[in-house]
Amino acid sequence: SLSASGRVRSFPAAVRDRDRRCVITGIPVSQREPLLRRWTIYDAAHIFPVALESIFHNYNFGELVVLDERDGSVNSPQNGLLLQKNVHALFDQYEISINPNDDYRIVCFFDDILGLAGRQLDPICRDINHPHHVNDNILFWHFQQAVLANMRRAGEPIFDEDIPPGSDTMDAILSGPAPAERMEFKLLGRLGDVMRA
């Protein structure tokens, strides 16, 4: 996936060359698509969204990936996966993610009609001997965002409003109703603030 000048080729081309299949479903690219250069079934998906490139730099992910001066660090193939278009849509909406700390298992946050939950991310994209292998830190960032996005949508009750300003928050949580749930809610809220900072 290097050009004659040694620079990384475009993001989609480098991801396609490395993966050659949907790395979540395992369905290989047909011979037709690369020959015709018509990628109707697959997308080179960004793990960390291009729209959040400034945050990418705040996390110092740019220091962990192979850079291409033409595209910017968020367009490193180490921030990409080849996915079928329907899987790409689910991935972008945090409906599915990959937990690199659990043997690269696919985690589904929806009704798993595609049978993806528990599958393992294809090793072709995470081969550490390949210079453009997927970065585990970026995968874990996506997994964290998926967990947070789906927990917020679960309609957790808002407990903080009943704690008067200036009170001992910890004491109020532990002595009030549903202390375990309230503590979890408070911790996740603070974690979300740190993740957004």
Side-chain angles (χ1 to χ4, degrees), residues 1-2 8-31 33-34 39-53 55-56 59-68 71-153 191 195:
S1 61
L2 294 177
V8 178
R9 282 193 268 167
S10 76
F11 173 81
V15 171
R16 290 175 193 145
D17 288 350
R18 181 195 66 207
D19 295 350
R20 300 185 308 276
R21 66 185 57 98
C22 174
V23 294
I24 289 181
T25 66
I27 297 174
V29 171
S30 71
Q31 293 178 346
E33 285 162 311
W39 294 84
T40 56
I41 300 172
Y42 299 90
D43 285 331
H46 286 85
I47 301 166
F48 200 105
V50 174
L52 302 177
E53 186 167 7
I55 297 172
F56 186 87
Y59 279 97
N60 294 320
F61 287 151
E63 297 173 11
L64 304 174
V65 297
V66 174
L67 304 179
D68 182 341
D71 293 332
S73 58
V74 78
N75 284 308
S76 166
Q78 291 179 282
N79 181 38
L81 300 170
L82 191 62
L83 301 176
Q84 289 175 260
K85 290 184 182 290
N86 61 331
V87 174
H88 183 189
L90 296 170
F91 189 80
D92 280 356
Q93 295 299 313
Y94 302 113
E95 298 284 332
I96 61 173
S97 193
I98 299 139
N99 186 351
N101 296 336
D102 185 22
D103 208 22
Y104 298 91
R105 297 275 176 226
I106 310 302
V107 178
C108 295
F109 298 93
F110 69 106
D111 293 331
D112 185 21
I113 60 172
L114 299 177
L116 302 175
R119 292 181 61 118
Q120 199 174 33
L121 181 67
D122 196 299
I124 197 164
C125 66
R126 51 190 171 90
D127 176 4
I128 59 171
N129 295 316
H130 192 290
H132 299 137
H133 67 279
V134 171
N135 184 283
D136 286 356
N137 294 315
I138 299 171
L139 277 177
F140 190 65
W141 175 89
H142 186 276
F143 178 70
Q144 288 176 315
Q145 295 306 306
V147 169
L148 291 170
N150 285 285
M151 290 186 87
R152 278 190 226 122
R153 280 191 285 205
L191 177 62
M195 296 299 294

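Since this is a predicted model, take the numbers as computed values, not measurements.
Of the possible polar contacts, one joining the Asn150 side chain to the Tyr94 backbone as a donor-acceptor pair under 3.5 Å is found. A donor-acceptor pair under 3.5 Å links the side-chain atoms of Arg18 to the main chain of Pro77, judged by distance alone. Checking side-chain atoms of Asp122 against main-chain N and O of Ile124 turns up a donor-acceptor pair under 3.5 Å.
The stretch residues 100-110 participates, sequence neighbours left out, in these salt bridge (Lys or Arg N to Asp or Glu O under 4.0 Å) pairs: Asp103-Arg105. For residues 124-146, no pair satisfies salt bridge (Lys or Arg N to Asp or Glu O under 4.0 Å), with sequence neighbours left out. Listed by first and then second residue, the side chain to side chain donor-acceptor pair (under 3.5 Å) pairs that reach into residues 106-119 come to none, sequence neighbours excluded.
Side-chain contact between Ile27 and Gln84: present, with at least one pair of heavy atoms (C-beta onward) separated by less than 4.5 Å. Counting heavy atoms from C-beta on, the side chains of Phe91 and His142 come closer than 4.5 Å. Inter-residue side-chain proximity for Cys22 and Leu82 is flagged as unmet; no heavy-atom pair is nearer than 4.5 Å. Looking only at side-chain heavy atoms (C-beta outward), Asn99 and Phe140 come within less than 4.5 Å of each other. Taking 4.5 Å as the limit, every side-chain heavy atom of Asp19 sits out of range of all side-chain heavy atoms of Leu83.
Residues passing the side-chain contact (heavy atoms from CB on, under 4.5 Å) test with His133 are Gln78, Ile128, sequence neighbours excluded. Residues satisfying the side-chain hydrogen bond (donor to acceptor under 3.5 Å, both in side chains) criterion with Asn137, sequence neighbours excluded, are absent altogether. Applying the side-chain contact (heavy atoms from CB on, under 4.5 Å) test to Asn60 and every residue at least two apart in sequence or in another chain returns Glu63.
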- Verdict with reasoning, His88 to Tyr42, per ring pair (Phe, Tyr, Trp, His ring centres under 6.0 Å): CA-CA 8 Å; His88 183 189; Tyr42 299 90; over 10 Å; no
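With Ser76 as the partner, the side-chain contact (heavy atoms from CB on, under 4.5 Å) test is satisfied by one option alone out of Val65, Asn135, Val15: Val65.
No side-chain donor-acceptor contact under 3.5 Å links His132 and Asp17.
How far CD of Glu95 is from CZ of Phe110: 7.0 Å, rounded to the nearest 0.5 Å.
Cys108 and Ile96 make their closest contact through SG-CG2, 3.8 Å (heavy atoms, listed as atom of the first residue, atom of the second, distance). Between Phe143 and Ile98 the shortest heavy-atom distance is CB-O, 3.4 Å.
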